There are 2 protein chains.
Amino acid sequence: MKNKHILIVDDHSLFRTGMKMILTQVGEAAGISEADSIKEAFDFCESGVDVILLDIHMPGLNGIDGIKPIREKFAKVPIIVLSASSEMADMRKAKELGAAGFMNKASQAEEMVSSITRVLDGKTCFPDDLKTVDGEASRESLAGSLTPRQIEVLIYLCEGMSNKLIARELEMSENTVRVHVSAILSTLGAANRSEAILIAQREGITS
Amino acid sequence: MKNKHILIVDDHSLFRTGMKMILTQVGEAAGISEADSIKEAFDFCESGVDVILLDIHMPGLNGIDGIKPIREKFAKVPIIVLSASSEMADMRKAKELGAAGFMNKASQAEEMVSSITRVLDGKTCFPDDLKTVDGEASRESLAGSLTPRQIEVLIYLCEGMSNKLIARELEMSENTVRVHVSAILSTLGAANRSEAILIAQREGITS
DNA sequence: CTGTCTGTAGCACAAATAGACTAGAGCCAA
DNA sequence: TTGGCTCTAGTCTATTTGTGCTACAGACAG
């Protein structure tokens, strides 16, 4: 775990602190960064990290929907999904979307460290129960049919921001934001941005 | 906080670790114990603690269900309820059951420490919305400052409906809907209807 | 190499939204 | 009865939003 940079993405600062403690004590990681949202996580990814610990339940855009855009933009960085509830559905979804591992927040510290080590070694790490991703294939999530950039826009959209503000935030023109928003509305089947927020939330974003 | 014994009850070991870190760094507490269930918490109570930090969501006996028995057996020990979700219902329930405080797990460390200090001083500590006592008056924070008609409009607003649709639904002119929506935005401190939806959801106004 | 997809951005137009006004009708408490 | 509040409805702007186009560059697959 030496010379590795770890990014912890969780909206609970105390969890981040606890995680950081464990890692500094045991792992001698080169660096540990903390982000409290997908949005912020992107910024850290830009400056380079070796593994991401991503909480699955966060306000705004769900962690599970954050996997895809991160994977596509920073393909080399493995993601370990964290969850408080060991729901099979969450695990399977995380695996399908390209996560490298899945950890329950209630796990023992040693267990977590070994999982992270495994993933840093290029392996994957899922609970035993998850043997196969069998034919059922679970219905495609709506977020899955959005492009990475659209999801980024959706993140800000879901915070109630105007097109102008989103444009400033993502450093693109307002026109471009509109194109993305239009595409999002069409994909989600929403009549307006308010409905888009509600649909995004219903599809697992605030649950 | 000196000479005080703090008990952390949470099934997530990392959260306990993070909490413990914060407390040892800042608080010079005399002792910090960790329990991962209500059952175990009882054992620690026997040997005497000064305040209990109790997670509301735990496997087995729920935290919220654990408040009452602990209060009855160890009436002197104040309980601060911890939750990942700042649900108004949870807060209210915790208060009714005799908790001395309520903290969101996503709070900043300083905020948590000051909450604990308050409670150790014999005070209570609930989020502002709930601070005004009187049971039913507590809910009246934001929703109470809206007129009945405004709340009706807000309900449809929160379904993502346009002014035109709301007007049709409530059988009033679109102009009137606008007046109500304007008043709602102003009262809630929202910049636009999307923000109004988010605020209304957070405050539990429409639930 | 040739499409296709994605992200970017522009233009134009219609619709929706937000804010600042005025103003009347009805209700209720001081 | 008066004053205040709510609900209603209107006008008038200014801004935002949503849609339909075109266009180009980069990535990627066939």
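Since we're looking at a predicted model, the values are computed, not measured. Basis for what follows: all heavy atoms, side chains included, without hydrogens, waters or symmetry-related copies.
- At a cut-off of 3.5 Å, with distance as the only test, no side-chain donor of A/N192 or B/R193 sits close to an acceptor on the other residue.
- Judged by distance alone, the side chain of A/D10 and the main-chain N or O of A/D55 form no donor-acceptor pair under 3.5 Å.
- Close to C/dA16, at under 4.0 Å from its OP1 or OP2, lies no side-chain N or O of B/N163.
- Within 4.0 Å of A/S182, counting heavy atoms only, lies at least one base atom of the nucleic acid.
- Of all nucleotides listed (C/dA16, C/dG10, D/dG10), C/dA16 comes nearest to the side chain of B/S162.
- Not one side-chain nitrogen or oxygen of A/T176 sits closer than 4.0 Å to the OP1 or OP2 atom of C/dG7.
- Distance, A/I197 CD1 to D/dT17 P: 11 Å, rounded to whole Å.
- Contact between the side-chain N/O atoms of B/T147 and the OP1/OP2 oxygens of D/dC7 is found at a separation under 4.0 Å.
- The shortest distance between the side-chain N/O atoms of A/H180 and the OP1/OP2 oxygens of C/dT6 is not below 4.0 Å.
- In summary, of the residues considered (B/L54, B/I79, B/L53), a side-chain contact (heavy atoms from CB on, under 4.5 Å) with B/V9 occurs for B/L54 alone.
- The separation between B/L146 atom CG and D/dC5 atom P is 16 Å, rounded to whole Å.
- What separates CZ of A/R178 from C1' of C/dA14 is a distance of 12 Å, to the nearest Å.
- Note: CD (A/E174) to P (C/dA9) measures 12 Å, nearest angstrom.
- Judged purely by atom type and a 3.5 angstrom limit, B/T117 uses its side chain to pair as donor or acceptor with the backbone of B/V113.
- An OP1 or OP2 oxygen of D/dT15 is reached within less than 4.0 angstrom by no side-chain nitrogen or oxygen of A/K164.
- A straight line from CD of B/Q150 to C1' of D/dT8 spans 13 Å, rounded to a whole angstrom.
- Side-chain atoms of A/R149 stay outside donor-acceptor range of the base of C/dG7, with no qualifying N/O pair under 3.5 Å.
- Contact annotation for A/N175: base contact, defined as any heavy-atom pair under 4.0 Å involving a base atom.
- Computed from coordinates, the A/L170 CG to C/dT8 P distance equals 8 Å when rounded to whole Å.
- Atom CG of A/N192 is separated from atom P of C/dT17 by 7 Å (rounded to the nearest Å).
- Of the residues near DNA chain D, B/P148 and A/L185, the one whose nearest nucleotide (by heavy atom distance) lies more toward the 5' end is B/P148.
- When atom types are taken as modelled, the side chain of A/S182 and the backbone of A/V179 share no donor-acceptor pair closer than 3.5 angstrom.
- Side-chain N/O atoms of B/R193 include one lying less than 4.0 angstrom from OP1 or OP2 on C/dT17.
- We find that CE of B/M161 is positioned 20 Å from P of D/dT17, with the value rounded to whole Å.
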